[in-house]
*Asks:* 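This is the structure I have questions about; it appears just below.
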Amino acid sequence: MEKREIIRLLQTKGEERTQLLKRSREVKDQSVGNKVYFRGLIEFSNICSKDCLYCGIRNSNTNVVRYEATDNEILEACQFAWENSFASVVLQSGEISSPAFIKRVDNLLKKIKQLSNNELGITLSCGEQSRETYLRWFESGAHRFLLRIESSNPDLYYKIHPKNSNHLFEKRLESLQFLKETGYQVGTGVMIGLPFQTYEDLANDLLFLKKIDIDMCGMGPYIEHENTPLYQHRHLLMPKQERFDLALNMIAVLRLLMPDINIAAATALQAIDAAGREKALVVGANIIMPNLTPVNYREEYQLYEDKPCLDEDKELCRNCLEARIEMSGSEIGYGEWGDSLHFRRRIKR
Ligand code: SAH
């Protein structure tokens, strides 16, 4: 698919859009099937050294109460995931690279493997780290890593991140490369509907994902947060519903471009539309991340406005999701890792 065609598809409306979404659904069913895999999400710390201009837990936001979940709380959430046949968890946090943090994550990985008879799959989402750290965590049991590029256009990247040595576009690219070389299933993605972002940027993002040959993707609408610098540009944003529709178009086109990768139905979709994640499953996503973060911390992990399910505990969350997914006509792959088929084929090549 050429860039011009992608730009056109991203903007389709009406009947042509219906056709696009139908086609991506067919491609999904043929390539990865109709199953949805769970990744229990544990947002275990909001302490962050970065100052991303869009993010509610950026270092300079002093309105946030910083927390670190205890090992017990984290392991209890993993235990729940395992007992409920979620098969995988995602450990996500702000970005820290102190020796103490690295060691802590390492230790947690080993304990999670232990408590689950080596069965729980583990995805990490803890930002940019050194090659050594990625390797250490890989050897301790993490096998997937999510690190969004946020935007593949360096100019736009520096409009949404401070321009300093702690936020280098090159470093982000290099980290993705390290992750791949280490042997992880690598996931990345972008925010959709950012101020200053064009359709051409988004088309280039999709081509970028294809070029670096990712295994997994998580991408969702950008949602403004009052206590962040990017909020001042909110007058430039398209209405939320349009950002939502565009995010679904992005998922659909990506499914056409990369039929056998795993695509997550991002939580941010649900901040705009209560059934947002299920709608993403219908058009091409096949991964969902039920929130297992202890409820008392959720208020403090608000990356954006209207983050859903702030008070819903994990039991409720599971029941609610199960019902919604079945309604959307998909089957839940309980007890299965649901690894990226693309990854399996890539490592055989
Ligand atoms: N510290 C980790 C995890 C970051 S949070 C890391 O750097 O990878 C996960 C994702 O949330 C980010 O990559 C970003 O794409 C998304 N996010 C942050 N703020 C957002 C906002 N205001 N609207 C939508 N998504 C946002």
Side-chain angles (χ1 to χ4, degrees), residues 35-47 67-147 178-187 215-216 218 262 264 287-298 301 313-315 317-318 321 332-340 343-344 347:
K35 275 193 191 160
V36 178
Y37 301 100
F38 278 1
R39 314 278 187 241
L41 175 64
I42 306 165
E43 296 150 332
F44 68 96
S45 168
N46 66 355
I47 302 173
Y67 72 86
E68 242 185 304
T70 64
D71 281 11
N72 270 347
E73 287 168 327
I74 298 168
L75 296 172
E76 200 200 311
C78 293
Q79 184 79 28
F80 175 90
W82 190 52
E83 283 168 4
N84 285 275
S85 304
F86 281 17
S88 293
V89 291
V90 179
L91 297 186
Q92 188 176 85
S93 68
E95 190 173 306
I96 318 177
S97 36
S98 67
F101 179 80
I102 294 165
K103 190 166 162 208
R104 172 156 199 241
V105 171
D106 193 56
N107 195 31
L108 279 167
L109 292 168
K110 290 177 184 150
K111 285 193 177 153
I112 295 169
K113 284 292 177 187
Q114 253 169 29
L115 79 80
S116 68
N117 196 20
N118 268 334
E119 284 172 22
L120 264 184
I122 310 174
T123 309
L124 288 176
S125 175
C126 305
E128 293 162 14
Q129 303 287 343
S130 69
R131 192 198 276 275
E132 292 70 36
T133 301
Y134 287 147
L135 178 63
R136 181 166 170 192
W137 289 346
F138 185 75
E139 287 176 341
S140 295
H143 62 133
R144 311 185 187 108
F145 206 107
L146 288 174
L147 180 66
F178 287 166
L179 287 166
K180 198 170 193 179
E181 288 167 10
T182 307
Y184 285 94
Q185 292 175 53
V186 180
D215 306 305
M216 327 183 288
N262 277 349
I287 300 288
I288 208 157
M289 303 195 283
N291 197 336
L292 301 184
T293 306
V295 174
N296 50 319
Y297 297 131
R298 292 197 196 176
Y301 203 88
D313 97 326
K314 45 194 185 308
E315 193 77 51
C317 173
R318 188 205 52 176
L321 256 184
I332 302 170
Y334 280 123
E336 294 173 58
W337 270 10
D339 272 344
S340 163
F343 173 77
R344 298 236 190 100
I347 53 171

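Numbers here are sequence positions counted from 1.
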*Asks:* Looking only at atom types and distance, does a side-chain atom of Tyr184 sit under 3.5 Å from a main-chain N or O of Phe138, one as donor and one as acceptor?
*Replies:*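 The answer is yes, because a donor-acceptor pair under 3.5 Å joins these two groups.
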*Asks:* Can you list everything that forms a ring-ring contact (aromatic ring centres under 6.0 Å, His included) with Phe38? Sequence neighbours excluded, please.
*Replies:*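 Per chain and number, Phe38 pairs via ring-ring contact (aromatic ring centres under 6.0 Å, His included) with Phe86, Tyr334.
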*Asks:* Quick check against the 3.5 Å criterion: does Asn262 have a side-chain atom that pairs as donor or acceptor with the backbone of Asp215?
*Replies:*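 Judged by distance alone, no pair lies under 3.5 Å.
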*Asks:* Quick check: does any side chain N or O of Glu95 sit under 3.5 Å from a backbone N or O of Glu128, one acting as donor and the other as acceptor?
*Replies:*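 Yes; judged by distance alone, with no hydrogens or angles, the pair exists.
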*Asks:* Would you call the rings of Trp137 and Phe145 parallel, tilted or perpendicular, where under 30° means parallel and over 60° means perpendicular?
*Replies:*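 Judged by the thresholds at 30° and 60°, the geometry between Trp137 and Phe145 is parallel.
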*Asks:* Output yes when Arg144 and Asp339 qualify as a salt bridge under the 4.0 Å nitrogen-oxygen rule, no when they do not.
*Replies:*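 Looking at Arg144 and Asp339, the cut-off is met.
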*Asks:* Can you tell me if Lys113 uses its side chain to pair, donor with acceptor, with the backbone of Leu120 under 3.5 Å?
*Replies:*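 Yes.
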*Asks:* Could you tell me whether a side-chain N or O of Trp337 sits under 3.5 Å from a main-chain N or O of Ala87, the two making a donor and an acceptor?
*Replies:*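 Yes, the answer is positive, given that a donor and an acceptor are paired below the 3.5 Å cut-off.
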*Asks:* Tell me whether Thr293 contacts the main-chain N or O of Arg298 through its side chain, where contact means a donor paired with an acceptor under 3.5 Å.
*Replies:*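 It does not hold such a pair.
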*Asks:* Taking the basic N atoms (NZ, or NE/NH1/NH2) and the acidic carboxylate oxygens, is any pair closer than 4.0 Å for Asp71 and Arg104?
*Replies:*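 Yes, charged N to carboxylate O under 4.0 Å.
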*Asks:* Please list, chain by chain and in numerical order, all residues satisfying salt bridge (Lys or Arg N to Asp or Glu O under 4.0 Å) with Arg344, sequence neighbours excluded.
*Replies:*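 Applying salt bridge (Lys or Arg N to Asp or Glu O under 4.0 Å) to Arg344 gives none.
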*Asks:* With a 3.5 Å distance limit and no angle check, can you tell me whether Asn84 reaches the backbone of Phe80 through a side-chain donor-acceptor pair?
*Replies:*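 Checked: pair present.
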*Asks:* Leu109 and Leu124: side-chain contact (heavy atoms from CB on, under 4.5 Å), yes or no, with the steps?
*Replies:* CA-CA 10 Å; Leu109 292 168; Leu124 288 176; 4.1 Å; yes
*Asks:* Would a 4.5 Å heavy-atom cut-off, applied to side chains only, mark Thr123 and Leu91 as touching?
*Replies:*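 They are not in side-chain contact.
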*Asks:* Answer yes when Arg131 and Glu181 have at least one side-chain N-carboxylate O distance shorter than 4.0 Å, and no when they do not.
*Replies:*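 Yes, charged N to carboxylate O under 4.0 Å.
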*Asks:* With sequence neighbours left out, write down each residue that passes salt bridge (Lys or Arg N to Asp or Glu O under 4.0 Å) with Asp313, or none if nothing qualifies.
*Replies:*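 Asp313 satisfies salt bridge (Lys or Arg N to Asp or Glu O under 4.0 Å) with no other residue.
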